[in-house]
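Computation of the quantities below employed the complete heavy-atom set of this structure, encompassing side-chain atoms and omitting hydrogens, waters and symmetry-equivalent molecules.
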Amino acid sequence: MINKTILKDQEVLKGLQRGVNKLNDAVKNSLGPSGLNIIIDTQIFPQVTSDGVTAVKEVFLKDRLENIGANIVKEASIKTSLDAGDGTTTSVVLANAIINNAIKYILSDYNPMQLVKQIKDAEKIVTKELNKMAKEIKDENDAFNVAKISCRDEELAKKLSHIIYNAGKDIAVAIEDSQTVGVEGEVVNGFEIERGFYSPFMATNINRMEAELRDAFVIIFNKRISRFQDIAPSLDLCLKEGVKDILVIANDFDNEVIGNCVVNKSKGIANIVCIKAPMFYNYTREALEDIALFTGGKVIDSGFGLEKDPKIENFGKANKIIVTKDRTTIIAEPDMEAIKERVKVIKEQERQVKEEISKDQLKKRANKLLAKAVTIKVGAYSDYEQQELKDRIDDAVRAIKSAMEEGIVVGGGIAFLNAINELKKEKGWETNWGIKVIEQSLLEPIKQIAYNSGFTPDVIIDNISSKKDAEYGFDFSKGKYVNMIDEGIVDPLKVVRCAFQNAVSVASILLTANTAIIINEEKEPEHLTKS
């Protein structure tokens, strides 16, 4: 039986706080234009990155209580990455600040539940104010400004903003290795499905939580897969053809099927990813036919025996497939004449139907068949440089898409600084400790950027606050006060909002902890230690 220790009160909070501080120390120096890289020991070969979420996933602390604290705050960074694609270090810095500022009040006997309620009320005020500040992206130059901040390279930002802005916020983007030094973008045929993998264990890239399949077969079933035997003959046929990467689409899957697919992946037998069929109102069967047409395959219906005696010509083919937790992008070389004919039929149906929801779904089907995707090929002189460059490109691409989705706000931590003014309009804010915690914590991102750039934050914050100009700030890369919007120093609202909301969420969980039940570390027998 595993022995456990029960810890209580201040001992719990202080232990969790130590873990959060250590996590923050690991990533905070990567924030801002002068942020530095982090080297991660992966046992095989080191990884160099400035990406906060990549780093926090590699932090595992020896002390179990400290590790729990670090793991709780990791979730803020990971969720910010999944929701917005950038702002992952900011979320850790904010969460750390909220926890440190709040614990002072809790250790002074202030009620933790009351404090967390006040913190969440303050969060709503700040979020509302951030939404008010947002400005829509008007042109490619706005997209360039977002990319420039995220990837810290103007030439690269120009390339990425041109590709993504002109392709649109809904464009699917694949980042892959190239043997040639440099960054090149290519527009290809891409079909996107709003369905993700059934299990995170199907991911091939844990850092980005996505599965990547190359030169893959696509097997489409118009039925529920309740037994692994239903798809085993098809999978065996793929393996006989020398193809290990397989996407299986069906109306639903039982847990036993998913479990067997994951086991086959873990053993290196086949890289199988399962997704549910897309929902298209009354057009689910037709949507499956669209995917089959795009990949050159056929839909396998229940009752025809095709699952027991599969034919290779029924399988679709794709050059590349990228699957995340909530969407799948298929890059293939479809028969464009057949696609155009199908689109013509769909548009005719759209003209004939009267129901508005049917019109919308038919329009969506037509758009998906004609959709494009972008492949960004990245090459560098070393593997380390290539991986670090890919991380920055991924951040920049997702930041541009977030900005196109929700707009932009003043960057460099100024949006948070401006939001403090709204908090101070609340009645009795001077004695509302939740507002005080958020007020103090919102200063932390600009303070950390200043420290990383070699400046004294208090002087800069006082000068900016005294101006009472929402766009006035400090350009840390040039060391001077500027109009941030004119200088193109902006952040996507979605990135700023998600970083803040996720930080408040994890901090609230940790601050209400009073008891911890910790597994005791088992010491090795003395004779083993000596040997």
Side-chain angles (χ1 to χ4, degrees), residues 23 26-59 74 76-93 143 146-161 163-164 172-185 203-212 320 322 324-325 329 374-403 449 452 491-492 494-495 498-499:
L23 180 72
V27 298
K28 67 183 182 182
N29 295 116
S30 67
L31 190 65
S34 301
L36 301 174
N37 285 334
I38 302 160
I39 298 177
I40 302 166
D41 179 8
T42 60
Q43 293 186 325
I44 303 168
F45 58 86
Q47 183 178 355
V48 181
T49 186
S50 58
D51 182 35
V53 72
T54 302
V56 299
K57 285 179 179 177
E58 297 295 329
V59 174
K74 275 183 196 180
S77 183
I78 292 167
K79 192 161 191 311
T80 302
S81 174
L82 293 172
D83 292 344
D86 201 5
T88 55
T89 302
T90 302
S91 63
V92 174
V93 169
V146 171
K148 177 182 67 176
I149 301 296
S150 198
C151 71
R152 307 177 194 173
D153 184 321
E154 291 202 2
E155 283 303 311
L156 183 57
K158 277 181 187 175
K159 280 185 181 180
L160 296 176
S161 57
I163 293 167
I164 306 304
V173 180
I175 301 169
E176 58 184 47
D177 296 340
S178 171
Q179 300 304 313
T180 308
V181 174
V183 178
E184 296 296 332
T204 57
N205 186 322
I206 300 300
N207 285 332
R208 292 168 64 178
M209 275 312 290
E210 66 180 30
E212 183 178 304
K320 188 174 183 178
I322 298 169
T324 66
K325 69 179 180 70
T329 304
V374 173
T375 301
I376 298 175
K377 297 181 179 178
V378 182
Y381 289 108
S382 70
D383 289 342
Y384 302 119
E385 184 186 359
Q386 186 178 48
Q387 186 56 53
E388 191 270 340
L389 185 56
K390 283 171 70 178
D391 284 343
R392 284 194 286 126
I393 288 171
D394 184 52
D395 283 351
V397 166
R398 296 171 76 180
I400 294 168
K401 292 174 81 171
S402 288
I449 294 169
N452 292 348
D491 287 326
K494 190 175 183 181
V495 168
C498 288

Minimum side-chain heavy-atom gap [X]-[Y] below 4.5 Å:
X: K57; Y: I78; value: yes
X: S81; Y: R398; value: yes
X: V397; Y: L160; value: yes
X: E176; Y: K390; value: no
X: V173; Y: I163; value: no

What distance separates [X] [atom1] from [Y] [atom2], expressed to the nearest 0.5 Å?
X: L36; Y: S50; atom1: CG; atom2: OG; answer: 10.0 Å
X: K148; Y: K158; atom1: NZ; atom2: NZ; answer: 10.5 Å
X: D395; Y: T88; atom1: CG; atom2: OG1; answer: 6.0 Å
X: K401; Y: I164; atom1: NZ; atom2: CD1; answer: 6.5 Å
X: I393; Y: K377; atom1: CD1; atom2: NZ; answer: 13.5 Å

Please determine whether the number of non-hydrogen atoms from other residues, nucleotides or ligands lying under 6.0 Å from atom [atom1] of [X] exceeds 12.
X: E385; atom1: CD; result: yes
X: K74; atom1: NZ; result: yes
X: D383; atom1: CG; result: no

Shortest non-hydrogen separation from [X] to [Y] and the atoms involved:
X: R152; Y: P33; value: CD-O, 4.4 Å
X: G52; Y: T89; value: CA-OG1, 3.2 Å
X: V146; Y: P492; value: CG1-CG, 3.7 Å
X: A147; Y: I400; value: CB-CD1, 3.7 Å
X: I322; Y: E210; value: CG2-OE1, 3.8 Å
X: A399; Y: S150; value: CB-OG, 4.0 Å

Keeping the roles fixed (side chain from [X], backbone from [Y]), state whether a donor-acceptor pair exists under 3.5 Å.
X: N452; Y: L31; result: yes
X: S30; Y: G35; result: no
X: T204; Y: E212; result: yes
X: S161; Y: A157; result: yes

- Show the numbers, then the answer: is there a salt bridge (charged side-chain N to carboxylate O under 4.0 Å, His left out) between E388 and R392? CA-CA 6 Å; E388 191 270 340; R392 284 194 286 126; 2.9 Å; yes
- Query: Does any donor atom in the side chain of Q387 or D391 lie under 3.5 Å from an acceptor atom in the other side chain?
  - Reply: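 Q387 vs D391: donor-acceptor pair found between side chains.
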- Task: Applying salt bridge (charged side-chain N to carboxylate O under 4.0 Å, His left out), run through D86 and K494 and close with a yes or a no.
- Result: CA-CA 9 Å; D86 201 5; K494 190 175 183 181; over 6 Å; no
- Check the pair L156, L389 against side-chain contact (heavy atoms from CB on, under 4.5 Å), reporting the backbone distance first and the verdict last. CA-CA 10 Å; L156 183 57; L389 185 56; 3.7 Å; yes
- Option passing side-chain contact (heavy atoms from CB on, under 4.5 Å) with V92 (candidates V56, V59, T80): V56
